[in-house]
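Quick note: numbers below take in every heavy atom, side chains included, and nothing from hydrogens, waters or symmetry partners. Nothing fancy with the numbering, it's 1 onward along the sequence. As the structure is a prediction and not an experimental result, all values here were calculated from the model.
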Amino acid sequence: MPLTLDERQQFFAQPHIAALSVSAGPGRGPLTVPIWYQYSPGGEVWVLTGPESQKMRYIRESGRFTLMVQQLQPTIRYVSVEGPVTRITPMTDEMHHEMASRYLAAESVDGYLKAAEAYGEQVAVYLRPEHWLSADLGNLS
């Protein structure tokens with residue numbers, strides 16, 4: 001059963017690990033990788049990545065990408081969102097802290113941010129939700 005718009009947005013706003021998919025070009029399947037993301041209902045989605053990463057090159061080439069999240073408990077549910085890239089900006093320290101705080105326990109954030117400095121420059125890639133796909137398959141256990 002599909003979720004309502006509000007249910008989709010509320011579910012997607014939770015800190016799931018997303019699968020990011022982006023076209024890898026003719027004759028190839030999409031590149032699909034796990035990624036952290038940030039989203040507030042009604043807004044844009046954003047992810048952080050290296051400006052020269054393979055996924056960033058493909059995102060620039062295609063101008064759009066898809067994120068899919070799921071849960072298995074207490075009910076099997078998924079939401080995917082696809083849309084165009086609206087902008088790419090340099091990552092700020094505040095953005096990096098916000099993202100790390102979304103996924104990590106408070107006592108782990110500073111250590112993670114310190115270790116992540118080794119990865120170098122990052123950019124924020126914003127997606128405007130255009131197409132949603134969702135389902136709640138109920139409790140199948």
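By the rule that hydrophobic residues join a cluster once side-chain heavy atoms approach within less than 4.5 Å of another member, Val81 and Leu133 end up as members of separate clusters. The same ILVMFWY cluster, assembled from side-chain heavy atoms under 4.5 Å apart, contains both Met91 and Val125. Hydrophobic clustering (ILVMFWY, side-chain heavy atoms < 4.5 Å, transitive): Tyr78 and Leu3 are in distinct clusters. One hydrophobic cluster holds both Leu31 and Ile59 under the rule that ILVMFWY side chains link at heavy-atom gaps under 4.5 Å.
Annotation: side-chain contact (heavy atoms from CB on, under 4.5 Å) contacts of Ala115 (sequence neighbours excluded): none. Looking at residues two or more places apart in sequence or on another chain, you find a side-chain contact (heavy atoms from CB on, under 4.5 Å) between Ile35 and Ala18, Leu20, Val47, Lys55, Leu67. Residues satisfying the side-chain contact (heavy atoms from CB on, under 4.5 Å) criterion with Thr4, sequence neighbours excluded, are Asp6, Glu7. For Arg8, the salt bridge (charged side-chain N to carboxylate O under 4.0 Å, His left out) test picks out no residue, with sequence neighbours left out. Legend: residues meeting salt bridge (charged side-chain N to carboxylate O under 4.0 Å, His left out) with Arg128, ordered by chain and number and at least two apart, are Glu130. Take Ala124 and apply the side-chain contact (heavy atoms from CB on, under 4.5 Å) test, not counting sequence neighbours, and it matches Trp46, Leu48, Thr89, Met95, Tyr126. A search for side chain to side chain donor-acceptor pair (under 3.5 Å) contacts involving Gln70 returns nothing, not counting sequence neighbours. Take Tyr119 and apply the ring pair (Phe, Tyr, Trp, His ring centres under 6.0 Å) test, not counting sequence neighbours, and it matches no residue.
Formation of a donor-acceptor pair under 3.5 Å by the His16 side chain with backbone atoms of Phe11 is found in this model.
No option in Pro41, Ser134, Pro129 other than Pro41 meets the side-chain contact (heavy atoms from CB on, under 4.5 Å) test with Gln9.
Residue pairs meeting the salt bridge (charged side-chain N to carboxylate O under 4.0 Å, His left out) criterion with at least one member in residues 77-97, sequence neighbours excluded: Glu44-Arg87, Arg64-Glu82, Arg77-Asp136. Each salt bridge (charged side-chain N to carboxylate O under 4.0 Å, His left out) pair with one or both residues in residues 29-41, not counting sequence neighbours, would appear here, but there are none. Identified under the ring pair (Phe, Tyr, Trp, His ring centres under 6.0 Å) test for residues 87-116, with sequence neighbours left out: Trp36-Tyr103, Trp36-Tyr112, His96-Tyr112.
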Next on the checklist: I'd like to know whether Val123 forms a side-chain contact (heavy atoms from CB on, under 4.5 Å) with Thr49, so could you lay out the CA-CA distance, the side-chain angles of the two residues, the decisive distance to 0.1 Å, and finally the verdict.
Outcome noted: CA-CA 6 Å; Val123 293; Thr49 190; 4.2 Å; yes

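Between Gly29 and Ala24, the closest heavy-atom pair is O-CB, 3.3 Å.
A 4.5 Å side-chain heavy-atom check between Tyr37 and Leu127 finds every atom pair outside the cut-off. In this structure, Gln54 and Val33 have side chains that are not in contact, with every pair of non-hydrogen atoms separated by 4.5 Å or more.
The cationic group of Arg102 does not satisfy the cation-pi geometry with Tyr39, failing either the under 6.0 Å distance to the six-membered ring centre or the 45° limit from the ring axis.
With side-chain heavy atoms closer than 4.5 Å counting as contact, directly or through intermediates, Met1 stands alone and belongs to no larger hydrophobic cluster.
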